[in-house]
Novice: 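I'd like to ask some things about the structure below.
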Amino acid sequence: MIEWTDQQIQAFQTTLLTWYDQEKRDLPWRRDHDPYHVWVSEIMLQQTQVQTVMPYYNRFMAQFPTVADLATAPEAKLMKAWEGLGYYSRARNLQRAARQIVDEYGGEWPQTAAGLQKLAGIGPYTAGAIASIAFNEPVPAVDGNAFRVFARLLKIDDDIAKPQTRQVFEQVISRVISQERPGDFNQAIMDLGSSYMTAKNPDSEHSPVKAFNQAYLDGVELDYPVKTKKPRPVEVAYYGLAIQQGDRTLMVKRPSDGLLANFWTYPLIAKADVVALSDADPADVSDEAALALVPQWVKANYGLTVTVTPIGGRPVTHTFTHRKWVVTLLTATVAADADLSFFPGKWLDSVEISTMAFPKVQDKLFKRMIKEKPMYRG
DNA sequence: CAAGCGTGGTA
DNA sequence: TTACCAAGCTT
């Protein structure tokens, strides 16, 4: 890691901010510095690309114009607005924080990074971003861009996958940040990281801060930032039960914590659980034998008598950060007066379904059913 | 602290 | 297809 002199820091700030003044992106949340606008955009932008966020942000502001509107919004409407954006706890925390602001802070925003971080869903990065952009506090906002940009500029070789490394960068940036224009400084770093100093195909030759980019100057730009790799997603096989009677579909609500918390899906049965019903070694149970055990599992766990039929085509796959689901879709039938008292779900009609939020994987399952069995279109 | 938590884009 | 990345936070 190299260090800059005060003079170099001054030159860097001037170069960066001059470039930013000329080339900054025109984004919906940059029309003003309203903390509500900055906040909502920053939450949406967590682990999510600008292009993806834009339509969500615009719709969100139309539906929930103020923090008070968000605080009192029905959860179903909130989730529908967030549908497809992922990391759904962000939306729930957003509303929690809105209620904190209204109920505990009398509608007044904490105006420092330390104060902001007490709000649900606001961590060190987001607190720094809001504090610097909306309240002009000279604090760093260390996101993936800041990690990458400063790792290259100064050849910082700490592993950015390790939580403790954040402190190293916060300390460095605290010294380098513009005291006069901290919000613009932080946003300029992000713009730089998403234009010239990208992860894969950087174009530092044309970067405004080329002369400050020590990793580039030394020809080792792609060695930075140092980041340990994550393991690949674990594959999990499920049977998905499409059970429909006329206009209604039998669905289950997922637990209130964990993956896709509180969302409704088709009943999803882990293939491993079904195979476990067999006396044979799990590795020796054929696909056909496993399929034949599904009704037994359903009877034992849901108290329902079903007959199942596999649909055509490949399984539906969906990859999360740490899991890959492989869902074999089965159509199933149950008696019209089936007793659902042991079933962890209920019938949903097409009107309900059309107003509810569903995760992408269920969306894929709906689409596959319509494709394979057009009469299932609700 | 390490692991869990979604989705879409790109090479 | 796989691998990795994209304005992270919570437990």
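Just so it is clear, the model here is predicted, and its values are computed rather than measured. Numbers restart at 1 for each chain; the letters A, B, ... are given by sequence-line order, proteins then strands.
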Novice: Picking from dC5(C), dA11(B), dA7(C), which would you name as closest to the side chain of N201(A)?
Specialist: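 It is dA11(B).
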Novice: Would you tell me whether N145(A) and R148(A) have side-chain atoms, one donor and one acceptor, within less than 3.5 Å of each other?
Specialist: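 A donor-acceptor contact under 3.5 Å links the two side chains.
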Novice: Validate the cation-pi geometry between R59(A) and Y56(A): distance from NZ or CZ to the six-membered ring centre under 6.0 Å, angle to the ring axis within 45°.
Specialist: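 So R59(A) does make the cation-pi contact.
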Novice: What's the gap between dC1(B) and dC9(C) when it is taken at their P atoms, as a whole Å value?
Specialist: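 It comes out at 15 Å once rounded to the nearest Å.
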Novice: Aromatic ring centroids of W109(A) and Y36(A) under 6.0 Å?
Specialist: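 Between W109(A) and Y36(A), the centre distance exceeds or equals 6.0 Å.
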Novice: State whether H318(A) places a side-chain N or O below 4.0 Å from either non-bridging phosphate oxygen (OP1 or OP2) of dG6(B).
Specialist: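 Checking dG6(B) against H318(A), no side-chain N or O comes under 4.0 Å of OP1 or OP2.
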Novice: Think R323(A) has a side-chain N or O under 4.0 angstrom from the OP1 or OP2 of dC5(B)?
Specialist: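 Checking dC5(B) against R323(A), no side-chain N or O comes under 4.0 Å of OP1 or OP2.
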Novice: Quick one about E205(A) and Y196(A) (side-chain donor to acceptor, distance below 3.5 Å, no hydrogens or angles considered), yes or no?
Specialist: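 Judged by distance alone, the side chains do not pair up.
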Novice: After noting the C-alpha distance and the side-chain angles of D184(A) and R30(A), does the key distance pass the salt bridge (Lys or Arg N to Asp or Glu O under 4.0 Å) rule?
Specialist: CA-CA 11 Å; D184(A) 287 343; R30(A) 284 184 176 174; over 6 Å; no
Novice: What residues from residues 47-76 of chain A pass a heavy-atom cutoff of under 4.0 Å to DNA chain C?
Specialist: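 Heavy-atom contacts with DNA chain C come from Q47(A), Q49(A), V50(A).
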Novice: With the side chain of Y87(A) defined as its heavy atoms from C-beta on, choose the nearest nucleotide among dG8(C), dA6(C), dA7(C).
Specialist: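 For the Y87(A) side chain, the nearest candidate turns out to be dG8(C).
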Novice: Using a cut-off of strictly less than 4.0 Å, decide whether R148(A) has a side-chain nitrogen or oxygen near OP1 or OP2 of dA7(C).
Specialist: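 For dA7(C), OP1 or OP2 has a side-chain N or O of R148(A) closer than 4.0 Å.
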Novice: From C-beta outward on P124(A), which listed nucleotide comes closest to its side chain: dT7(B), dA7(C), dC9(C)?
Specialist: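 Among the listed nucleotides, the one closest to the side chain of P124(A) is dC9(C).
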